[in-house]
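For reference, the structure discussed in these notes is given below.
Counting starts at 1 for both ligands and their atoms, in listed order.
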Amino acid sequence: MNLANKQILVVQGDITQQGVDAIVNAANNSLQGGAGVDGAIHRAAGEELLKECLTLGGCATGDAKITKGYNLPAKWVIHTVGPVWRGGNNGEDELLTQCYRRCLELAQEYQISRIAFPAISTGAYGFPLERATKIAITEVKSFLEKDTCIEQVIFVCFSQESYNCYQQLIKKILTGEIKT
Ligand code: AR6
């Protein structure tokens, strides 16, 4: 495992304020905006973001699409669509893993070095927090172990509960206490 020159951070806050190269949006298939983090990102970016999103033809669950960041501090927004939790036996884990992977692949393609993620699917889409957090950290860790231009990944947690969960799991996963 070589994470020597890479950084994974957990912060509590609002992803729209992050001064990184790209922030990730937990969107829906229409890419036409919504509530939660999606609503916050569209409000902060301004209406140009919606205009660009409307040209993209939606996004499949587990996939990701990139737009400019407009009025956001971040240059780019990577929109991904997490799975709706339907009990856990409907491919939810794989689809959530794919969300993180596709976002990181797009970031790589656009030579992005700093990227911030929200806790995809853990709000309106009902994915259990701890299970989603393990998937998020595991996928980011394995991506950063490869040869990539991504240097820093920030997990931006909105709630205290989510922040505590990420803090606990990140230590255990990065130290190998939890095998992934
Ligand atoms: N910054 C960071 N995280 C946030 C912010 C913020 N400003 N606001 C909320 N969160 P959700 P989902 C957290 O519901 O579950 C939308 O309507 C929130 O506390 O935003 O993937 C879309 O259009 C939670 O931990 O996304 C879709 O229809 C996490 O972001 C649907 O919701 C994700 O919660 C997607 O549902």
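- A perpendicular orientation is assigned to the rings of Trp76 and Tyr110, their planes being inclined by more than 60° (bins at 30° and 60°).
- Neither Val156 nor Val24 shares a network with the other; the hydrophobic side chains, linked directly or stepwise wherever heavy atoms of I, L, V, M, F, W or Y lie under 4.5 Å apart, form separate groups for each.
- Comparing Ala124, Ala119, Ala26 by heavy-atom distance to atom 33 (C) of ligand 1, the nearest is Ala119.
- Contact atoms of ligand 1 toward Asp38: 22 (C), 23 (O) (distance under 4.0 Å to a heavy atom of the residue).
- The protein atom (non-hydrogen) at minimum distance from atom 21 (O) of ligand 1 is Ser121 N, 2.8 Å.
- In this structure, Glu151 contributes its side chain and Arg114 its backbone to no donor-acceptor pair below 3.5 Å.
- Residue Val37 has at least one nitrogen or oxygen atom sitting less than 3.5 Å from a nitrogen or oxygen atom of ligand 1, judged on distance alone.
- Residue, atom and distance of the protein heavy atom nearest to atom 31 (C) of ligand 1 are Tyr125 CE2, 3.5 Å.
- Of all atoms in ligand 1, numbered sequentially from 1 with element shown, those under 4.0 Å from a heavy atom of Asp14 are 1 (N), 6 (C), 7 (N).
- Residue-to-ligand polar distances place Gly123 within reach of ligand 1: an N/O pair is separated by less than 3.5 Å.
- Note that OG1 of Thr61 is 4.0 Å distant from CG of Asn29, once rounded to the nearest 0.5 Å.
- Side chains of Asn164 and Gln168: no donor on one and acceptor on the other come within 3.5 Å.
- For atom 2 (C) of ligand 1, the nearest non-hydrogen atom of the protein is Ile15 N, 3.6 Å.
- Among all non-hydrogen protein atoms, the one lying nearest atom 13 (C) of ligand 1 is Phe158 CB, 3.8 Å.
- Checked by distance only, ligand 1 and Pro118 stay at 3.5 Å or farther apart across all their nitrogen or oxygen atoms.
- In summary, the atoms of ligand 1 found under 4.0 Å from a heavy atom of Ala40, numbered by their order in the structure, are 7 (N).
- Of the listed residues (Val77, Leu56, Ile112), just one forms a side-chain contact (heavy atoms from CB on, under 4.5 Å) with Ile66, and that residue is Ile112.
- Proximity of a side-chain donor or acceptor of Asp21 to a complementary backbone N or O of Ile115 within less than 3.5 Å is not detected.
- Those atoms of ligand 1 with a heavy atom of Thr122 less than 4.0 angstrom away are 15 (O), 24 (C), 25 (O), 29 (C).
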Derivation of the side-chain contact (heavy atoms from CB on, under 4.5 Å) call for Tyr166 and Ile8: CA-CA 11 Å; Tyr166 268 84; Ile8 304 178; over 6 Å; no
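- Residue contact annotation: Ser162 has no non-hydrogen atom under 4.0 Å from ligand 1.
- Salt-bridge check for Lys141 with Glu145: passed, with a basic side-chain N closer than 4.0 Å to an acidic carboxylate O.
- Transitive grouping of hydrophobic side chains (ILVMFWY, heavy atoms separated by less than 4.5 Å) keeps Ile120 and Ile23 in distinct clusters.
- Taking any N or O of Thr16, backbone or side chain, none lies under 3.5 Å from an N or O belonging to ligand 1.
- Contact annotation: for Ala35 versus ligand 1, heavy atoms closer than 4.0 Å belong to both the backbone and the side chain.
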